[in-house]
Amino acid sequence: MKISLSAVVLFSAFLFSCADPAANKPKAQTSVPSNAVDVPAGVPAEKVSDFKTRGTAHAITPELSKVEFTGSKVTGKHDGGFKNFTGVIDLVGNKPETSKVAIDIDTTSVFTDAEGLTKHLLTPDFFAAEQFPLATFISTKIEPDTPKGPGNFIITGDLNLRGVKRTITFPAVITLTPNSVIAKAEFSVNRKDFGIAYAGKADDLIRDDVVLRFELTARKKEPVK
């Protein structure tokens, strides 16, 4: 039986489009925190402005940082992220393991590689951005990832998304410079843990695991004179 070159190309393209981008990424551990209180619609989540620093504050801004994601379905994937966010890395003792990170994300600023999808993500099927315009993450523990070597850490913290608060744990790489803290991570989370259960079309179902990526360059805040 002869197989044409075009058939091979089409089959290869099909396999590529169906690949799960979360399959080869570390999977975040997710649990319900002991102090979990889901936030009702219209009630603001805890903000970074409420976060009290103990060490040297380093500001997180969209000009120097990225907060992105990749979601997928049976026939392919979509990349996106958030345009507006603000945060702080509280560097204590010049050590990541004694420090904390807090970030606010404006869910109404979501963007993707498809205009229709971007609009859909704003609806109650996904982020319900009108009811829950703010997502927050505040770390509770940063530990050295000793097997991976210097610069590798395990971050644990509370993520409040769509009014649902969950504790997540994921790997990250953290680098310190004299005037900045650089943190990078890429891992997957189960969207259903945060109440995002929209299944998609019957013949093109959406996968549960979504890849989250962040590249944060937090600059040291200058003292107010």
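Position 1 is the first residue of the sequence, and the numbers go up from there.
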Next item on the list: Take Val88 and Thr53, measure what side-chain contact (heavy atoms from CB on, under 4.5 Å) needs, and give me the verdict at the end.
Entry: CA-CA 9 Å; Val88 62; Thr53 57; 4.2 Å; yes
Next item on the list: List the steps and the verdict of side-chain contact (heavy atoms from CB on, under 4.5 Å) for Ile196 and Arg162.
Entry: CA-CA 8 Å; Ile196 303 175; Arg162 206 177 180 274; 3.7 Å; yes
Check: Could you go step by step and tell me if Thr169 and Ile155 meet the side-chain contact (heavy atoms from CB on, under 4.5 Å) rule?
Finding: CA-CA 6 Å; Thr169 300; Ile155 298 178; over 6 Å; no
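Residues passing the side chain to side chain contact (heavy atoms under 4.5 Å, CB included) test with Thr98 are Val92, Lys95, sequence neighbours excluded. Shown here are the salt bridge (charged side-chain N to carboxylate O under 4.0 Å, His left out) partners of Glu68, two or more places apart in sequence or in another chain: Arg213. Applying the ring pair (Phe, Tyr, Trp, His ring centres under 6.0 Å) criterion to Phe187, with sequence neighbours excluded, gives Phe170. Among residues two or more places apart in sequence or in another chain, the ring pair (Phe, Tyr, Trp, His ring centres under 6.0 Å) test is passed with Phe85 by none. Partners of Lys192 under the salt bridge (charged side-chain N to carboxylate O under 4.0 Å, His left out) rule, at least two apart in sequence or in another chain, are Asp208. Under the rule for a side chain to side chain donor-acceptor pair (under 3.5 Å), the partners of Thr61 that lie at least two apart in sequence or sit in another chain are Glu63. Taking Glu115 as the reference, Lys119 meet the salt bridge (charged side-chain N to carboxylate O under 4.0 Å, His left out) condition, with sequence neighbours excluded. Phe153 pairs by the ring pair (Phe, Tyr, Trp, His ring centres under 6.0 Å) definition with nothing, not counting sequence neighbours. Contacts of Tyr198 classified as ring pair (Phe, Tyr, Trp, His ring centres under 6.0 Å), with partners at least two apart in sequence or in another chain: His120, Phe126. Listed by chain and number, the residues in a salt bridge (charged side-chain N to carboxylate O under 4.0 Å, His left out) with Asp125 amount to none (sequence neighbours excluded). For the side chain to side chain donor-acceptor pair (under 3.5 Å) test, no residue two or more places apart in sequence or in another chain qualifies with Thr107.
Rounding to the nearest 0.5 angstrom, the gap separating the OG1 atom in Thr123 from the CD atom in Glu130 is 11.0 Å. With values rounded to the nearest 0.5 angstrom, Phe137 atom CZ is found 11.5 Å from Lys165 atom NZ. Note: Ser188 OG to Leu212 CG = 8.0 Å, rounded to the nearest 0.5 Å. Atom-to-atom distance recorded for Ile182:CD1 and Leu216:CG is 10.0 Å, nearest 0.5 angstrom. The distance from atom NZ of Lys66 to atom OG1 of Thr217, rounded to the nearest 0.5 Å, is 10.0 Å.
Legend: ring-ring contact (aromatic ring centres under 6.0 Å, His included) pairs involving residues 54-73, not counting sequence neighbours, sorted by first then second residue: Phe69-Phe82.
Looking only at distances, a side-chain donor or acceptor of Asp90 sits under 3.5 Å from a matching main-chain atom of Gly55. One N or O on the side chain of Ser109 and one on the backbone of Lys83 form a donor-acceptor pair closer than 3.5 Å. Of the possible donor and acceptor atoms, one in the side chain of Arg207 sits under 3.5 Å from a partner among the backbone N and O of Lys73. The closest donor-acceptor contact from the side chain of Thr112 to the backbone of Ala114 lies under 3.5 Å. Distance alone, capped at 3.5 Å, places no donor-acceptor pair between the Ser139 side chain and the Gly157 backbone. For Thr167 (side chain) and Asp158 (main-chain N/O), no donor-acceptor pair under 3.5 Å exists by modelled atom type. In this structure, Ser72 contributes its side chain and Asp20 its backbone to no donor-acceptor pair below 3.5 Å.
Side chain to side chain, Thr156 and Thr140 fail the donor-acceptor criterion of an N or O pair below 3.5 Å. A donor-acceptor contact closer than 3.5 angstrom is absent between the side chains of Arg219 and Ser180. Asp204 and Thr75 form a side-chain donor-acceptor contact under 3.5 Å, judged by distance and modelled atom types alone.
The closest side-chain heavy-atom distance from Ile105 to Val67 is below 4.5 Å. Side-chain contact between Asp209 and Lys27 is present, with at least one heavy-atom pair separated by less than 4.5 Å. Counting only heavy atoms from C-beta outward, the side chains of Ile206 and Lys201 never approach each other to under 4.5 Å. Between Phe194 and Arg166 there is a side-chain heavy-atom pair separated by less than 4.5 Å. In this structure, Lys220 and Thr56 have side chains that are in contact, with non-hydrogen atoms separated by less than 4.5 Å. Residues Ile89 and Ile60 have side chains in contact (heavy-atom distance under 4.5 Å, counting atoms from C-beta outward). Put simply, the side chain of Pro171 reaches to within 4.5 Å of the side chain of Lys148, judged on heavy atoms. A heavy-atom distance below 4.5 Å is not found between the side chains of Ile103 and Thr86.
Of all non-hydrogen atoms in Pro124 and Ala128, the two that sit nearest each other are CA-CB, 3.8 Å. Asn24 approaches Pro21 most closely through the heavy-atom pair OD1-O, 3.4 Å. Here the closest heavy-atom approach between residue Pro133 and residue Thr108 is recorded as CB-CG2, 4.1 Å. The two residues Leu205 and Gly200 come nearest to each other via the heavy atoms CD2-O, 4.5 Å.
A single hydrophobic cluster is not seen to contain both Ile154 and Val101; linkage of ILVMFWY side chains at heavy-atom distances under 4.5 Å, directly or through other members, places them apart. Linking Ile, Leu, Val, Met, Phe, Trp and Tyr whenever their side-chain heavy atoms come within less than 4.5 Å puts Leu176 and Phe214 in one cluster. Both Ile168 and Ile174 are assigned to one and the same hydrophobic cluster, defined by single-linkage of ILVMFWY side chains at heavy-atom distances under 4.5 Å.
Between Lys77 and Asp79 a salt bridge is recorded (basic side-chain N to carboxylate O distance below 4.0 Å).
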